[in-house]
Every structure is written in structure tokens, then in C-alpha cells.
Amino acid sequence: MKSDPKIIDQRIKAFQEACRKMGAKATHQRTEIFRAVISSDEHPDAQGVYRAVKEKIPEISLDTVYRNLNLLADKGFIQIAGTSGDSLRFDGNMGHHHHFTCIRCGLIRDFVSAQSQDWEVPEEACTFGHPLSLQVEVKGICLSCQKKR
Ligand SMILES: [Zn+2]
Ligand SMILES: [Zn+2]
């Protein structure tokens, strides 16, 4: 599901406000990088974000996109959805959700499950540290990859 433009605007305002509070600058470039991630449901990698932002800011560099994506993830504005090949994938959906990941093309889609509210972190996982959240990844072959066979 694509986020509606009103919600994106609200999130951008909240983001700029939060940046001010932590003394970081919500520069035009940083804001557009944030916008590119939260307005996509594709869980883009840095290259994908770069392509989207370049349409608005032609002079932006891939390096700037990388640095800002890592900073945004570090500060908890976006999260890392996983990896596909050797690229990190970024996720602007901060609500509790799970992922369907296609093992062929790397497609990542969000899904929610009412049932998952009751799932408990297995005890064995707790022996490694203190759990913060439980996210499930369903691996499979997406519809369009199925059609290709
Ligand atoms: Zn696929
Ligand atoms: Zn996601």
C-alpha cells in the first residue's frame, strides 16, 4: 500500500521537528532522501533511493545518499529491512509488520498479522540478549517470478 500524501507530509514535518530537537539539520537533501524511503513500499536499496532523489536533486551523489540513509536508520527514522544480494534495503514503515521476501528477485512486501501480537520470543533467542521486537520473514517466490517459469 502506498502511503497517502497527507501522511507523508505529516511525517516529514515530524522528521524536521525531530532533527531540530537533536541538533541535526533537516537539509533539503536529507529531507528528500527521507521522503523517497517513506513514500515507497518497495523497501528500496541505496541505489533505488538515489535514482528517486536524483529526479528532484540532479547534483546529489550516491555517497550522500548512503551517508544519510545510514544516519536516518541510526536515529530510528527508518529501519533496515534486510539485505538483497549485497545491498541493504531500507524501510520507511515504522509500524509493527512482517515481510514477504522473494528469494529470486528480492521483492520485499509488508504484511501484518493480528495473530502475531500473541507470538512470544522463544526462550532460546533470549539467551543471546534482551529482545526488543519480533519480526517474521516469509521467504518465497513472488507472483511475477512464478509467472516467469
Ligand atoms: Zn520475485
Ligand atoms: Zn517493511
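Both counts, for ligands and for their atoms, begin at 1 and track the order of listing.
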Notebook entry, point to check: Does Arg109 pair with Glu42 as a salt bridge, N-O distance under 4.0 Å?
Noted result: yes
Next item on the list: Quick one: name the protein N/O/S atoms under 2.8 Å from the Zn ion (ligand 2), chain by chain.
Entry: His43 NE2, Asp91 OD2, His97 NE2, His99 NE2, Asp110 OD1
Next item on the list: State whether the side chain of Gln79 and the backbone N or O of Asn93 hold a donor-acceptor pair below 3.5 Å, judged by distance alone.
Entry: yes
Check: Can you give me the SG-the Zn ion (ligand 1)-SG angle for Cys102 and Cys142, to 10°?
Finding: 110°
Check: Parallel, tilted or perpendicular for His43 and His97, by the 30°/60° rule?
Finding: tilted
Margin query: Any side-chain to backbone donor/acceptor pair from Ser40 onto Val37? Under 3.5 Å, distance only.
Written below: no
Note to self: Suppose we screen for side-chain contact (heavy atoms from CB on, under 4.5 Å). Which residues come up paired with Gln29, at least two apart in sequence or across chains?
What the structure shows: Thr27, Ile57, Ile60, Thr64
Next item on the list: Quick one: name the residues clustered hydrophobically with Ile7, using the 4.5 Å side-chain heavy-atom rule over I, L, V, M, F, W, Y, and just say none if it's on its own.
Entry: none
Notebook entry, point to check: At the Zn ion (ligand 1), what's the angle from Cys145 SG to Cys105 SG, rounded to 10 degrees?
Noted result: 110°
Notebook entry, point to check: Which hydrophobic side chains are connected to Phe100, either touching it within the sub-4.5 Å cutoff or through other members that do?
Noted result: Leu107, Phe111, Trp119, Val121, Leu134, Val136, Val138
